[in-house]
Amino acid sequence: MGRVLRDRARPPPLADDPRFLGNADRVAHRAELDAVVTETTVRLSAAELVERLDEARIAHAGQRTLQEFSAHEQLRSRARWAPFDSPVGELIGLVPPVTDRGHTPGRLRPVPALGEHTDAVLSWLDAPLERAPQGGTACPRN
């Protein structure tokens with residue numbers, strides 16, 4: 001990536017600068033390289049920068065707003081959204097990135113109501129609910 005950045009993204013001439021020849025060199029002189037990259041890119045519009053990165057075949061991505069992220073075509077086309085129930089009604093959420101044998105659930109598991117599983121959790125901890133401090137939680141015994 002270093003040579004591609006130097007040769008195609010068009011920063012000041014760096015191709016023969018020994019500070020930036022190899023990855024270890026670039027890491028050792030990171031502050032200087034960051035300054036060169038900043039100095040080069042700050043003068044470019046976003047469209048110009050994207051064009052240069054594309055031209056240089058350097059991977060990049062733009063920062064999206066939450067609305068832009070949720071409307072992303074890949075998430076829709078790959079069915080990565082699914083409904084789920086919650087105490088406030090039905091919501092839509094992202095399907096987990098890892099699914100069982102590629103099976104995408106048609107509906108996600110519901111969000112529990114506040115306190116819905118308290119008894120089960122305290123029982124699992126071997127601490128009966130009546131021993132829990134008022135407004136607190138019980139701790140398991142050692």
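Residue numbers count from 1 along this sequence. Bear in mind the structure is a predicted one, so any value in this text is a computation, not a measurement.
Side-chain contact between P96 and L108 is present, with at least one heavy-atom pair separated by less than 4.5 Å. Within the 4.5 Å cutoff, no side-chain heavy atoms of D25 are placed close to those of R19. When side chains are defined from C-beta on, N23 counts as touching R26, because their heavy atoms get closer than 4.5 Å. Residues P87 and V111 meet the side-chain proximity criterion, which asks for heavy atoms closer than 4.5 Å.
Rounded to the nearest 0.5 angstrom, R78 CZ and H72 NE2 are separated by 9.0 Å. For the atom pair S123 OG and H117 NE2, the distance stands at 13.5 Å (nearest 0.5 Å). Atom CZ of R76 is separated from atom OG of S70 by 9.0 Å, given to the nearest 0.5 angstrom.
Applying the salt bridge (charged side-chain N to carboxylate O under 4.0 Å, His left out) criterion to R64, with sequence neighbours excluded, gives no partner residue. Remark: R109 pairs with no residue by the salt bridge (charged side-chain N to carboxylate O under 4.0 Å, His left out) rule, at least two apart or across chains. Residues that satisfy the salt bridge (charged side-chain N to carboxylate O under 4.0 Å, His left out) test with E68, not counting sequence neighbours, are absent from this structure. Partners of Q63 by side chain to side chain donor-acceptor pair (under 3.5 Å), not counting sequence neighbours: none found. Every side-chain contact (heavy atoms from CB on, under 4.5 Å) that D85 has, sequence neighbours left out, goes to E90, R107, P110.
A pairwise comparison of heavy atoms in T41 and L49 identifies CG2-CD1, 3.8 Å as the closest pair. What you find for S86 and G89 is that their closest heavy atoms are OG-O, 2.7 Å.
H29 and D17 share no side-chain donor-acceptor pair at under 3.5 Å.
Here the options are V42, V36, T38, V37, the test is side chain to side chain contact (heavy atoms under 4.5 Å, CB included), and the partner is T40; only V36 passes.
Think of L94 as one node in a network of Ile, Leu, Val, Met, Phe, Trp and Tyr side chains linked at under 4.5 Å; its network also takes in F69, L75, W81, I92.
Salt-bridge annotation for E55 and R52: absent, with no side-chain N of the basic residue lying under 4.0 Å from a carboxylate O of the acidic one.
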